[in-house]
There are 2 protein chains.
Amino acid sequence: MTDLPLLPLPLAGEPASERSDAARNRAALLCSAQALVAECGVDDVTMDAVAAHAGVGKGTVFRRFGSRAGLMIALLDQNETHWQAQVISGPPPLGPGAPPWERLEAFGLSRLETTMLHADLLRAAGTGPSRSAPAMSFVVQHVQHLLTQLGVTGDVRLLATALMAPLEIGVLDELRTRGIDTERALHGWLDLARRIVAGG
Amino acid sequence: MTDLPLLPLPLAGEPASERSDAARNRAALLCSAQALVAECGVDDVTMDAVAAHAGVGKGTVFRRFGSRAGLMIALLDQNETHWQAQVISGPPPLGPGAPPWERLEAFGLSRLETTMLHADLLRAAGTGPSRSAPAMSFVVQHVQHLLTQLGVTGDVRLLATALMAPLEIGVLDELRTRGIDTERALHGWLDLARRIVAGG
DNA sequence: GTACTAACCGGACCCAAGTCCGTTTCACTC
DNA sequence: GAGTGAAACGGACTTGGGTCCGGTTAGTAC
């Protein structure tokens with residue numbers, strides 16, 4: 001997104017102490033991957049190319065990230081970290097300080113924009129959990145928090161998950177296939193949010 | 001699912017007249033693919049194996065289905081056709097004859113069950129439109145119809161899409177990761193549906 | 001029945017993801 | 001600062017998805 005430092009995504013810290021050479025290679029690989037993606041597009045970046053650009057062997061790439069999808073998820077996590085910072089301590093209405101409903105509106109808009117911005121990376125990250133579990137957990141917890149503030153009761157965790165589901169890249173792609181543009185999708189999402197909140 | 005005939009999935013007919021040998025090979029390939037999936041599991045079925053089992057060349061498989069994901073989608077479409085028949089003309093409450101709200105409840109349950117039943121096939125069908133466009137279109141149109149009958153107004157098409165989004169395999173997988181079982185997911189979905197309908 | 005064309009067929013071939021294992025490096029101890 | 005074990009490294013190797021093009025066949029016109 002912007003600069004690369006920012007390291008390991010501390011928001012869901014596991015022990016995971018890495019040896020120094022391993023950490024260095026991880027950083028170099030992420031940096032190389034980001035550069036190559038920016039240059040050639042996601043689909044034309046091969047694992048060999050990333051390894052070569054970072055000056056390490058291919059085995060190292062797979063040791064660090066497990067698979068191509070894993071590498072893409074790691075790239076996404078970098079951006080996610082920036083975005084989480086905006087939500088936690090950035091300016092309102094996305095950050096704290098605005099009334100809950102306005103924060104929820106801003107959150108949906110921002111999430112939609114972010115997803116569209118990284119659409120190709122998300123698609124390359126594959127089916128299933130295309131974002132890392134901590135990243136998804138953050139989103140759901142924040143929405144759950146806002147819904148609770150808005151007086152929503154019941155299985156709020158599930159409602160939060162359901163509310164975010166239509167903003168997944170797969171659903172958005174499908175909407176676009178049917179000629180529904182982003183703005184209409186956003187209005188639809190706001191209507192959905194309104195109904196969930198109104199349901200009490 | 002059961003027998004194989006049933007041919008081309010006529011619910012969204014395009015011209016697509018196929019030469020007789022091509023049609024024969026398509027049927028043989030689908031049959032072989034289904035058999036191999038049943039025998040070895042989705043992940044261990046290779047395109048070579050399907051081609052060999054059907055007695056055709058590998059090129060023919062890709063000519064007919066475009067990709068591995070395309071083959072999986074075609075398999076799913078077969079099942080989908082059976083399921084659509086249940087919705088259109090099967091017994092209530094899934095089929096016609098029951099009040100709209102009961103039909104919607106039954107629809108959600110049935111959809112959830114179907115998705116879980118073909119979970120591995122859906123995952124192998126990949127990201128993006130993991131079901132064929134006609135199949136998704138049917139689902140959305142039916143829900144849209146039921147919501148309209150229930151007095152929902154606004155962008156009902158989008159609301160219908162949003163209501164089905166939490167039942168996609170990716171979301172369900174993620175829920176299970178967090179220890180949320182299918183029954184709880186269903187209750188959550190019913191709550192969501194209730195709120196959408198109550199919103200008018 | 002023959003000629004003709006467009007579509008189809010097959011399987012050798014290419015490319016990139018992912019694995020394996022002998023070698024090297026780090027971090028920690030004495 | 002030498003020793004040691006666990007972890008990381010690298011790149012050859014395997015596997016399977018996807019492409020290509022020369023040869024074949026279905027369908028049609030005469």
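Every chain is numbered from 1 and lettered A, B, ... according to where its sequence line falls, protein lines coming before strand lines.
Protein chain B contacts DNA chain D from D/dG16 to D/dG27, reading 5' to 3' and using non-hydrogen atoms of the protein with a distance under 4.0 Å.
A salt bridge is absent between A/Arg176 and A/Glu183: the closest approach of a Lys/Arg side-chain nitrogen to an acidic carboxylate oxygen does not fall below 4.0 angstrom. With respect to B/Asp173 and B/Arg123, a salt bridge is recorded, a charged nitrogen being found less than 4.0 Å from a carboxylate O.
OP1 or OP2 of C/dC9 has at least one side-chain nitrogen or oxygen of B/Asn25 nearer than 4.0 Å.
Looking at residues two or more places apart in sequence or on another chain, you find a salt bridge (charged side-chain N to carboxylate O under 4.0 Å, His left out) between A/Arg178 and A/Glu174. The side chain to side chain donor-acceptor pair (under 3.5 Å) search around B/Arg184 returns A/Asp155, not counting sequence neighbours. In terms of the salt bridge (charged side-chain N to carboxylate O under 4.0 Å, His left out) criterion, residue partners of B/Arg64 (sequence neighbours excluded) are, by chain and number, B/Glu18.
Two residues, B/Phe62 and B/Asp21, neighbour DNA chain D, and the one matched to the more 5' nucleotide by heavy-atom proximity is B/Phe62.
A ring-centre distance under 6.0 Å is found for B/Trp83 and B/Phe107.
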Result block: side-chain N/O donor-acceptor pairs under 3.5 angstrom for residues 135-148 of chain B, not counting sequence neighbours:
{"unit_1": "B/Gln144", "atom_1": "OE1", "unit_2": "B/Arg157", "atom_2": "NH1", "d": "2.8"}
{"unit_1": "B/Thr148", "atom_1": "OG1", "unit_2": "B/Gln144", "atom_2": "O", "d": "2.8"}

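Looking only at distances, no side-chain donor or acceptor of B/Thr60 sits under 3.5 Å from a matching main-chain atom of B/Val56.
Nucleotide C/dT23 holds its P atom 17 Å from the CZ atom of A/Arg63, rounded to whole Å.
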Under 4.0 Å protein heavy-atom contact, by nucleotide of nucleotides 11-16 of chain C - B base, S sugar-phosphate only
B----S
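Relative to the side chain of B/Arg64, the nucleotides C/dA27, C/dC9, C/dG18 differ in distance, and C/dC9 lies closest. Looking at the side chain of B/Arg19, the nearest of the listed nucleotides C/dC26, C/dT19, C/dC8 is C/dC8.
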